[in-house]
Structures are given as C-alpha cells and as structure tokens.
Amino acid sequence: MSQYFWIAIPAELFFQYCGETMEKHRAHAYIETINRGSGKRNYVKYNKENQSAFLESFSSADYYGFFCLPIPFQIRRQSQAPVSSTIRL
C-alpha cells in the first residue's frame with residue numbers, strides 16, 4: 001500500500017536542509033524548462049555554485065518540472081527535431 005501526500009516548503013529551505021543529504025547520497029536535482037516558442041528543452045542542474053540561478057528557474061515562465069536522480073544523466077539533442085530530447089541514464 002502506498003500513500004501520497006504534499007508537503008509545501010519554499011525551494012530555498014528544501015535545498016538548504018537537503019543539500020548535504022543529496023551530496024551524501026550523490027543525488028542530483030534538475031529543473032526542466034521548455035521554451036514556449038521553439039519547444040526547446042533545457043535542464044538546469046543544482047549545485048552550490050549555481051544555487052541562485054537554479055532557484056530562479058522555478059519562477060521562469062518556461063518552467064516545466066523538477067526531479068531528482070541518484071545518477072547524473074546526459075542529454076542528446078537531435079538537430080532535426082529540437083523538441084525530442086533524449087535522456088540517457
């Protein structure tokens with residue numbers, strides 16, 4: 001049996017408290033944005049050096065989603081179809 005629930009917390013606090021845990025477990029946080037005009041996807045990876053840029057991405061009009069992975073991924077873009085990006089694990 002699984003249960004789903006929401007916890008509302010500002011992103012700044014989430015990364016303040018979870019940053020060390022993410023580093024310890026080598027987890028990586030990403031924000032996906034999609035340009036509304038071209039459909040081009042962009043990924044912003046969280047790290048301490050770009051923390052403010054990462055957090056600002058949550059407020060972007062192109063913000064699409066946020067996810068965490070225990071391993072980094074590589075993005076392969078196809079020049080013919082900019083909308084179809086492939087995520088490789």
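Computed from heavy atoms alone, side chains included, the values below leave out hydrogens, waters and symmetry copies.
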To the nearest 0.5 Å, what is the distance between [atom1] ([X]) and [atom2] ([Y])?
X     : Y     : atom1 : atom2 : result
Lys24 : Cys18 : NZ    : SG    : 12.5 Å
Arg26 : Leu69 : CZ    : CG    : 15.5 Å
Ile34 : Glu32 : CD1   : CD    : 5.0 Å

Is the shortest heavy-atom distance from the side chain of [X] to the side chain of [Y] under 4.5 Å?
X     : Y     : value
Val44 : Tyr30 : no
Ile31 : Phe66 : yes
Arg36 : Asp62 : yes
Tyr46 : His28 : no

Fill in the blank from the handout: Contacts of Glu12 meeting side chain to side chain donor-acceptor pair (under 3.5 Å) (sequence neighbours excluded), chain-then-number -> none
Exercise for the section: Let me know which of Phe15, Tyr63, Tyr43, Phe14 forms a ring pair (Phe, Tyr, Trp, His ring centres under 6.0 Å) with Phe54. Expected result: Phe15
Handout entry: Backbone of Arg41 reached by a side-chain donor or acceptor of Asn35 within 3.5 Å
Key = no
Handout entry: Heavy-atom donor-acceptor pair, Asn50 side chain to Ala53 backbone, under 3.5 Å
Key = no
Handout entry: Verify same cluster id: Leu13, Leu55 (apolar side-chain graph, 4.5 Å)
Key = yes
